[in-house]
Protein chains: 2
Amino acid sequence: MSDKSWFKNPFSRATPMIKRSILLVDDHRILLDGVKNLLSESPDFEVKDTATSGKEALQLMKSNEYDIMVTDYELPELTGLELIRAAKSVLPDMKMIVLSMHDDPAVVKELLRAGIHGYILKKDTHKTLVDALHKVVANRRFLSDEISDLLIQMADEPEEKGVLTTREVEILRLVAKEYSSRQIAEILFISERTVETHRKNILKKTGATNLVGLIKYAYANNLI
Amino acid sequence: MSDKSWFKNPFSRATPMIKRSILLVDDHRILLDGVKNLLSESPDFEVKDTATSGKEALQLMKSNEYDIMVTDYELPELTGLELIRAAKSVLPDMKMIVLSMHDDPAVVKELLRAGIHGYILKKDTHKTLVDALHKVVANRRFLSDEISDLLIQMADEPEEKGVLTTREVEILRLVAKEYSSRQIAEILFISERTVETHRKNILKKTGATNLVGLIKYAYANNLI
DNA sequence: TTTCGTATACCTAGTGGTGGGTATCTGCTG
DNA sequence: CAGCAGATACCCACCACTAGGTATACGAAA
């Protein structure tokens, strides 16, 4: 694996492979700079472009091709999930790796269902990223150790307790913005009763007993 | 500034300066790896050690010296603020730059008061970090553009609205644990009325109007 | 010492969230 | 088509939180 001789020596007889092109998406420029630099030393991969928002990434995809996209989950404008879904329709053959700081099993599951090929954490090392890149180009999936542990652990639970509907998420977001039920009703053009019902259902689903639990849930699930 | 000739050419007659040693602290290994790699190309700086927690960083400081510490604000075990304060007593001459993803004016102010020399955001570029490093070794302070804008904007506001008393923080923490006022009263052996008064004062100080705002404040100030 | 901040405590009204229901309409899926 | 999930809507009782007050005691700072 660590045989980079042909790379270090330009006169090597080995045939250099064509480098896999990567689109790197993260709103933290400093991480972008860092990872790009790290990968520039790799014989197998090359960061062709970078983007600091989902929108920017999509625009790049419309006029360029990439073998792999490595993207943050927390993004401005589009969420990681929205970006993944959009990317899948623009470049169906591109491999996708999510590089996130959060180890939330629900998010990981949703992303895997959406078709990503790898999920690694920002606390992982550079080596982990390179391993993941190798795995996905070989048509295999890659999960960072912590994430696979998490999924295994979760498998025990009877499961699927949680998922909020889109409307419920919408309500929850507004609740988190300090709107009262009445205000939410006005914003969404629905009855205050309906909002109350949604809130009750959200409380039941999340297992929270009051506003505080709701907000904590919203934070934990990156809804804020 | 970009004259790196002595660096690129080892036979240059210019006298190489001694590189400033950096301690880099961040729980995201991949950022650590990336920044270290980027700085390895700099003629002026060198990442001597890295740490992924405040504790680890402090231990390193006890047996080593560093010219500059660059640290995340969100850290496991110790918060950035605690690390800064502890670092100041261990290595009083070391420069400290905070590299955070959050642009919360209250946090920035508190850190500046605690004696940091620079504050930059993860969304800033590698170049910004290098600029900051140069500034602080020249005994000057450095704030990323967004942060200084923020502080200027804040200067208009009359007050020091923010700081909660220790009792208020205690109450807030319990509120955030989903305890009702009555339960908090029982836990702290005080009257429910007193709890209510504290809550009111906290609301006033934080500018929140309800529980939601309170919890968001608690999150933003790492009280949870 | 006087003032200030902090913590303590109480009152009243009013607003809003919680928890228990029930019920209709829509669209999807087996 | 029947069944189910989701979004909509309403009712009522209860209780928790919010927003005005006022007031006392203590220790630190000016």
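This structure is a prediction, so every number in the text was calculated from the model and none was measured. Convention: sequence-line order gives letters A, B, ...; per-chain numbering from 1.
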Flag side-chain contact, heavy atom, 4.5 Å: B:Y66 against B:D49: yes
Pull out every protein N or O sitting under 3.5 Å from an N or O of nucleotides 14-17 of chain C, one pair per line with the distance.
unit_1	atom_1	unit_2	atom_2	d
C:dG16	OP2	A:R182	NH2	3.2
C:dG17	OP2	A:S181	N	3.4
C:dG17	OP2	A:S181	OG	3.4

Write down the distance between CD1 (B:I184) and C1' (C:dT8), rounded to a whole number of angstrom. 16 Å
Ignoring the backbone of B:T197, work out which of C:dT6, D:dC10, C:dT8 is nearest its side chain. C:dT8
Atom CZ of A:R193 to atom C1' of D:dC12: distance rounded to whole Å? 11 Å
Figure out the CD1/C1' separation between B:I202 and D:dA19, and round it to whole Å. 15 Å
Could you walk me through whether A:R193 and A:E196 pass the salt bridge (charged side-chain N to carboxylate O under 4.0 Å, His left out) check? CA-CA 5 Å; A:R193 311 289 148 258; A:E196 283 165 12; 3.2 Å; yes
Round to the nearest Å and state the distance from A:I190 atom CD1 to D:dC10 atom P. 11 Å
Could you list the donor-acceptor pairs under 3.5 angstrom formed by side chains in residues 84-91 of chain A, with sequence neighbours left out?
unit_1	atom_1	unit_2	atom_2	d
A:S89	OG	A:A86	O	2.9

Which of residues 166-178 of chain A sit near DNA chain C, with a heavy atom under 4.0 Å from it? none
Between the protein and nucleotides 3-5 of chain D, are there any N/O to N/O pairs under 3.5 Å, and if so, what are the atom names and distances?
none

Take the angle between the ring planes of A:F45 and A:H134 and call it parallel below 30°, perpendicular above 60°, tilted in between. perpendicular
Does a donor on one side chain and an acceptor on the other come within less than 3.5 Å for B:T194 and B:T197? no
Gap between atoms NE2 and P, on B:H198 and C:dA9 respectively (whole Å): 8 Å
Mind jotting down which residue pairs meet the salt bridge (Lys or Arg N to Asp or Glu O under 4.0 Å) criterion with at least one end in residues 116-139 of chain B? Sequence neighbours excluded, please. B:D26-B:K122, B:D72-B:K122, B:K123-B:E146, B:K127-B:D131
Judged by modelled atom types alone, do A:R29 and A:T52 share a side-chain donor-acceptor pair under 3.5 Å? no
Tell me every residue that passes ring-ring contact (aromatic ring centres under 6.0 Å, His included) with B:Y179, counting only those two or more places apart in sequence or in another chain. none
With side chains defined as the heavy atoms from C-beta onward, is the minimum distance between A:Y73 and A:L111 less than 4.5 Å? yes
In whole angstrom, give the distance that lies between atom CG of B:L214 and atom P of D:dT18. 7 Å
Please give me the minimum heavy-atom distance between A:D27 and A:E74, naming the atom from each residue. OD1-O, 3.5 Å
A:K200 side chain: which of D:dA9, C:dG20, D:dT8 is closest? C:dG20
Does some side-chain heavy atom of A:L129 sit less than 4.5 Å from a side-chain heavy atom of A:I120? yes
Return the value, rounded to whole Å, for the distance between atom CZ of B:F189 and atom C1' of C:dA9. 18 Å
NA contact type, B:T194, heavy-atom cut-off 4.0 Å: base, sugar-phosphate, or nothing? base
Take the protein atom CG of B:L188 and the nucleotide atom P of C:dT6, then report the distance between them rounded to whole Å. 18 Å
